[in-house]
Amino acid sequence: MEVDMERVLSSELSSHTGERIMMSGWMHRIRKLGSGMVFVHLRDRSGICQIVVEAPEAVASIDGLLVESVIQVEGTVVAEPQAAGGYEVHDPSFTVLSPVTEALPFPINKPVINAHLDTFLDHAMVGLRAPSKQAIFKLSAAAAHGFREVLDSKGFTEVATPKIIGSASESGANVFAIEYFGKQAYLAQSPQFYKQMMVGIFERVYEVAPVFRAEPHQTIRHLNEYVSMDAEMGFIKDQTTVMALLTDVIRGILSYLTAHCAKELELLKVAMPLTPETFPRVYFPDAQQWIFEHHGEDCRAEPDLAPQHEKWLGEWANETFQSDFLFVTGYPMVKRPFYTAPNPDDPKYSNSFDLLFRGTELVTGGQRLNKFEDYARALESRGMTQEAVAAYLETFRFGMPPHGGFAIGLERFIMQLTGLTNLREAALFPRDMERLQP
RNA sequence: GGGGUCGUGGUGUAGCUGGUCCAACACGCUGGCCUGUCACGCCGGAGACCACGGGUUCAAAUCCCGUCGAUCCCGCCA
């Protein structure tokens, strides 16, 4: 039995021409004309359609209702060239399911929402009803779906690793401490250790889940809780295997969006990214040299790239390689976590990479160490103890293949794709240093 | 953690080299007009002690100090 046995959605009017139907949704717009004629725009999950109200009883039955009132309508579907979608509903009778008599904090039925981000986020529960805001999160959901679809097709298994963990994993400094039945616990800042362990079990795994970072940053591209799309696979040659996988994943997600989200992409005026079959790649020291030569900034002694450097590189990739994506490979080992595999030919540099999307860091990935002795040495050279990561290390004492993986920041992907100016706009209810509500 | 900018009706802004501001415009709300509107249009109305506290001055939305709040940049990261 169907959930909506009798309900017709606004997108389905064309197949009900001339019929008496039932619809329900929110009053998205109410437009009163003279002599009591009223146009009501009804919004449901499929879109918006127009209802023409002329009978005095019908007009009276919705008198005093403000936008966002929830109504049920019975009416006749009429083909009408003047209507936006070509169809509209006439001779309606209304049942009010939930009246609204109070004005919204800000109008949400305009093409652009006129509210500061802070104001918007305070009222996100209603602000997100705006079609343009919905579209962002439809894309977000579809991107995660595309991610899963690509990896499922390649023999990956989806996993769910714990978000409450007993020891601060990677670097230790940037985790949220919580109390756990009288013990100290932490919110996972990454599924890194667990996804590696899972490679020992399934060879290929992925996870789409929140991660928590206690970094005190306050920028347009950071959140303290975000969705990480992680993948990890065994039996790789080196980081280039991972990069090839990531390229397929990115291209796969974009194809999925093109196939399933035409309406949202159109509404948000998304310029689909340039994605050559192979994304261009630049070796970290070469990138620094290029920056020095073309922008006069000497960062060659730095162990990392600054946001401005990444912007320049993004422009370069776009113009020179017609690509909105650029791999930067071989970041210095000092800037990478202890589990990172070094470049065998140049051990100061790593077999890891970042993927820049339109000049912003979108993905970090690489090859990991897979032998126990290498872990023991890496930990020792960084002054870390084996005890702290004992469970993790057990994985490597009992046979782990060469492996690697990556993590895509979902909100960053959506931000860069749709041209949002603040990462918070790509999170439903973002968490930053100041914001815990709503 | 360091630095910059900002705070004016429910929302977004103008005013801010002090007086003509008991604060203007747009959206929203509201009374009225219009039988094809769809960011409609037209005529009215309500709604702000100009973030808060102190100071300078004959006079402060406007200048100064402090507090709080917001925002952006850097560091760091995805």
Side-chain angles (χ1 to χ4, degrees), chain A residues 28-43 48-56 59 64 66-68 78 80-85 88 90 100-123 126-127 130 132 170-171 173-174 189-192 210-230 302-310 331 335-337 354-357 360-365 406-416 421-424 426-427 432-435:
Chain A
H28 188 249
R29 187 190 305 279
I30 304 162
R31 178 83 202 108
K32 291 180 181 167
L33 251 59
S35 307
M37 189 189 196
V38 181
F39 293 100
V40 172
H41 289 189
L42 182 84
R43 188 186 73 241
I48 294 167
C49 70
Q50 176 163 274
I51 297 157
V52 183
V53 194
E54 290 180 285
V59 170
L66 297 189
V67 289
E68 294 307 299
V78 174
E80 172 56 69
Q82 288 178 97
E88 60 186 17
H90 286 201
V100 173
T101 52
E102 167 185 11
L104 287 167
F106 46 82
I108 64 169
N109 56 8
K110 301 282 174 184
V112 287
I113 305 292
N114 233 348
H116 277 159
L117 186 55
D118 188 52
T119 308
F120 180 84
L121 293 177
D122 282 342
H123 303 282
V126 286
S132 61
E170 295 187 31
S171 54
N174 50 358
Q189 52 130 253
S190 155
Q192 183 63 34
V211 295
F212 306 91
R213 305 264 165 115
E215 306 281 354
H217 39 216
Q218 193 64 277
T219 81
I220 55 169
R221 60 185 184 286
H222 289 95
L223 294 170
N224 294 290
E225 173 180 358
Y226 69 91
V227 176
S228 182
M229 301 199 293
D230 273 85
E302 301 293 322
D304 205 353
L305 298 173
Q308 178 59 251
H309 302 154
E310 294 176 344
Y331 281 78
K335 286 304 289 183
R336 292 293 181 173
D354 276 4
L355 181 67
L356 308 185
F357 178 17
T360 288
E361 192 175 327
L362 174 69
V363 185
T364 291
F406 58 81
I408 305 173
L410 176 58
E411 292 87 350
R412 281 225 182 146
F413 177 75
I414 295 298
M415 171 169 91
Q416 292 303 92
T421 53
N422 192 310
L423 190 59
R424 276 161 262 234
D432 63 31
M433 275 182 85
E434 304 298 334
R435 182 170 290 280

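Reminder, nothing fancy here: chain letters follow the sequence lines and each chain counts from 1.
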Under the criteria of a ring-centre distance below 5.5 Å and an interplanar angle below 30°, is A/Phe106 stacked with the base of B/U11?
-> no

For [N], which nucleotide is its Watson-Crick or G-U wobble mate, given both distances must be under 3.5 Å?
N: B/C38; result: none
N: B/C68; result: B/G7
N: B/C76; result: none
N: B/C22; result: none

Polar pair under 3.5 Å, donor/acceptor by atom type, side chain [X], base [N]:
X: A/Gln82; N: B/U37; value: no
X: A/Arg412; N: B/C77; value: yes
X: A/Glu88; N: B/G36; value: yes

Starting at CG of A/Asp354, measure out to OG1 of A/Thr360 and round the result to the nearest 0.5 Å.
-> 11.5 Å

Closest to the A/Leu33 side chain: B/G75, B/C34, B/C72?
-> B/C34

Ranking B/C38, B/C74, B/A39 by distance to the side chain of A/Lys110, first place goes to B/A39

Using atom names, set out every protein N or O paired with an N or O of nucleotides 1-9 of chain B below 3.5 Å, distance rounded to 0.1 Å.
none

